Enquirer: 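This is the structure, below, for whatever I ask next.
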Amino acid sequence: MATFKQRVFSGVQPSGNLTVGNYLGAIKNWVGLQESHETIFCVVDLHAITVWQDPDVLRDATREVAAGMIASGIDPKKSIIFNQSQVSAHAELAWIFNCVARMGWLNRMTQFKEKAGKHKERASVGLYVYPDLMAADILAYQATHVPVGADQKQHLELTRDIAQKFNSDYGVEFFPEVEPLIFGEATRVMSLRDGKAKMSKSDPSENSRINLTDDRDLIAKKIRKARTDSEPLPGSMDELEGRAEAKNLINIFAALSGRKAGEVCSEYEGQGFADFKGDLADLSVEVLGPITEEMARLMADKTYLDSILREGSDNADKVASPILREVQDIVGFLRP
Ligand code: AQP
C-alpha cells in the first residue's frame, strides 16, 4: 500500500446554530490535532443546502460556524478554515464518486432515512447523495484522519468503500484508507428533551440543545430544565442503562470537565438531580461562556471572518486542485 502524508479533514454544516453536541463531539477534539497534523476544517455549505436554507441566514450561519471554530481554539495560522462551495474540487470529485458509489450502499445510510423520514420521495437528491459529497470532501485532500462524532461513523465507512472501489476499478493506489477519529466522553450528545434522540442544530425545540450562541443565563436555564427521572444517581455508568437522559447529562459533565463519566457518576452517587444539575449548569457556563462571548465578538467583525475564509479557500484549493487533476487523468478525462 502506498504511504500518504498524515492529514486531518473535518467539517460542520452551517445549517443552524452550533450546538454543544458539535462542540464536544467534534470541534473541541480538533484543537489538539493542530499541533501534530496538517489540519483542514471546512464549513460545509454545499451539504447544508441538501435541505432548504434561506440565503441570508445561510451566509450568517457560515460566518457563525467559522467564528465557532476560531472561538473554540482552531487557529487560522495553524489550520486551513474555509467554506466548501468556494473550492470547486468538492463538487467535481463528488460527481465522479456519484458514479463510483452503488445505489445499494446509499440505500443503507441511516442518516438519510432519519432525515428524509416518511417523505423520502420529496427529499432532495442532494440529501440522498450527501455521503458521496462527504467522501469527496475528505478525499479531495487525500486526508488520512477524520475527527467526527459517532453519528458520522457509517458515512466514513462509505468513504472507505468509495476509495477502495475507485482504487480497484482504476488499478491505482491513489486514495488512502481514511481513519475515523471518534473520541472524548461525549461522542454522541443527546437531546436535553429526549435522551434517545441526537442533539441537533435543526431540532425544532430550542430547549433540546445548548447553542454556542446562548448567553450564560440561557445555558444555565436549559440545563436546569433538562429532562431527567426521579431516581437518585447510581455509583457506576453500567447502572444507568435504560436511563438515557441521566446518562446523557453525566456524559456532558464528563466531557466538559475532562473527566471520565464513571468518575463523575460515583461522585454524585445517591444524590438526586437538583445538586447535580446546579453543578452542571455552573460548569457549562464556565466552559462555554468564554467561547460564546468570543464568538459574539468575532461575529461583529464580518470583514475579519470573510478574510479568514477567503484565505482558507485559496489555501485549500492549492491542495485540492492538483489532486483533482490527477483524478481526472486516472479517470480518462482529456485535459487538452
Ligand atoms: N449530538 C452530537 N453529538 C456528538 N457529535 C455531534 N455532531 C453533530 N451532532 C452531534 C458532530 O458534529 C460534526 C458536525 O456535524 P454536522 O454539522 O456536519 O452535521 P450533523 O451531524 O447532521 O449535525 P447536526 O447538529 O445534527 O446538524 P443538522 O441538524 O443540520 O443535521 C460532526 O462531526 C458530527 O458527528
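Heavy atoms only: backbone and side chains are in, while hydrogens, waters and symmetry mates are out. All values reported here derive from a predicted model rather than from experimental measurement. Order of appearance sets the numbers: ligands from 1, and atoms from 1 within every ligand.
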Enquirer: Can you tell me how far apart NZ (Lys318) and CD1 (Ile323) are? Round to the nearest 0.5 Å.
Expert: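 CD1 of Ile323 is found 14.5 Å from NZ of Lys318.
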
Enquirer: Return the closest protein heavy atom for atom 5 (N) of ligand 1 as residue, atom name and distance.
Expert: Gly21 O, 3.3 Å

Enquirer: I'd like to know whether Tyr128 forms a side-chain hydrogen bond (donor to acceptor under 3.5 Å, both in side chains) with Asn107, so could you lay out the CA-CA distance, the side-chain angles of the two residues, the decisive distance to 0.1 Å, and finally the verdict.
Expert: CA-CA 8 Å; Tyr128 183 69; Asn107 285 340; 2.6 Å; yes

Enquirer: Using 4.0 Å as the upper bound for N to carboxylate O, is an ion pair formed by Glu245 and Arg193?
Expert: no

Enquirer: Just by modelled atom types, is the Asp203 backbone N or O under 3.5 Å from a matching donor or acceptor in the Arg209 side chain?
Expert: yes

Enquirer: What protein heavy atom sits nearest atom 12 (O) of ligand 1, and how far away is it?
Expert: Asn22 ND2, 3.2 Å

Enquirer: Does an N or O anywhere in Ala186 fall below 3.5 Å from an N or O of ligand 1?
Expert: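 Such a contact does not occur with ligand 1.
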
Enquirer: Using a strict 4.0 Å cut-off to heavy atoms of Gly25, name the atoms of ligand 1 that fall inside it.
Expert: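 Heavy-atom distances to Gly25 below 4.0 Å select 4 (C), 5 (N).
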
Enquirer: Select one of side chain, backbone, both or neither to describe which atoms of Thr187 lie under 4.0 Å from any atom of ligand 1, heavy atoms only.
Expert: backbone

Enquirer: To which protein heavy atom is atom 20 (P) of ligand 1 closest, and what is the distance rounded to 0.1 Å?
Expert: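 Atom 20 (P) of ligand 1 sits closest to the protein heavy atom Lys198 NZ, 3.5 Å.
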
Enquirer: I'd like to know whether the aromatic ring centres of Phe9 and Phe41 sit less than 6.0 Å apart in this structure.
Expert: no

Enquirer: Between Arg188 and ligand 1, which part of the residue brings a heavy atom under 4.0 Å of the ligand: side chain, backbone, both or neither?
Expert: backbone

Enquirer: Look at atom 1 (N) of ligand 1 and say which protein heavy atom is nearest, naming residue and atom and giving the distance to 0.1 Å.
Expert: Val189 O, 2.7 Å

Enquirer: Any nitrogen or oxygen of Ser10 lying under 3.5 Å from a nitrogen or oxygen in ligand 1? Just yes or no.
Expert: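 It does not: no N or O of Ser10 is found under 3.5 Å from an N or O of ligand 1.
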
Enquirer: What protein heavy atom is closest to atom 16 (P) of ligand 1, reported as residue, atom name and distance in Å?
Expert: Lys201 NZ, 3.6 Å

Enquirer: Does the ring centre of His155 sit less than 6.0 Å away from the ring centre of Phe112?
Expert: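 No: the rings miss the under 6.0 Å criterion.
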
Enquirer: So which protein heavy atom does atom 19 (O) of ligand 1 come closest to, and at what separation?
Expert: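 Atom 19 (O) of ligand 1 sits closest to the protein heavy atom Gln13 NE2, 3.2 Å.
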
Enquirer: Is Arg259 salt-bridged to Glu185, going by a charged N under 4.0 Å from an acidic O?
Expert: no

Enquirer: Is the shortest N/O to N/O distance between Asp203 and ligand 1 below 3.5 Å?
Expert: no

Enquirer: Run the salt-bridge test on Arg243 and Glu231 with the 4.0 Å N-O cut-off and return the result as yes or no.
Expert: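 Looking at Glu231 together with Arg243, the answer is no, because their closest N to O distance does not fall below 4.0 Å.
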
Enquirer: Is there a polar contact, in the sense of an N or O pair closer than 3.5 Å, between Met190 and ligand 1?
Expert: no

Enquirer: Pick one of side chain, backbone, both or neither for how Lys115 approaches ligand 1, counting any non-hydrogen atom pair under 4.0 Å.
Expert: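 Side chain only.
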
Enquirer: Are the ring centres of Phe4 and His145 closer than 6.0 Å?
Expert: no

Enquirer: Is it the side chain, the backbone, both or neither of Val148 that has a heavy atom closer than 4.0 Å to ligand 1?
Expert: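 Both parts.
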
Enquirer: For atom 26 (O) of ligand 1, what's the nearest protein heavy atom and its distance?
Expert: Ser200 OG, 2.4 Å

Enquirer: Which protein non-hydrogen atom lies closest to atom 29 (O) of ligand 1, naming both residue and atom, and how far is it?
Expert: Ser202 OG, 2.4 Å

Enquirer: For Val12 and ligand 1, answer yes if some heavy atom of the residue is under 4.0 Å from a ligand atom, otherwise no.
Expert: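 Contact present.
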
Enquirer: We want to know whether Ser85 and Asp45 form a side-chain donor-acceptor pair, criterion being a heavy-atom distance below 3.5 angstrom.
Expert: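 Asp45 and Ser85 do have a side-chain donor-acceptor pair below 3.5 Å.
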
Enquirer: Does this structure show an ion pair linking Glu157 with Lys153, if we count only N-O contacts that are shorter than 4.0 Å?
Expert: yes

Enquirer: Can we call the ring centroids of Phe174 and Tyr170 under 6.0 Å apart?
Expert: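 No, they do not, as the ring centres are separated by 6.0 Å or more.
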
Enquirer: Non-hydrogen atoms of Gly11 versus ligand 1: any pair closer than 4.0 Å?
Expert: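 Yes.
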
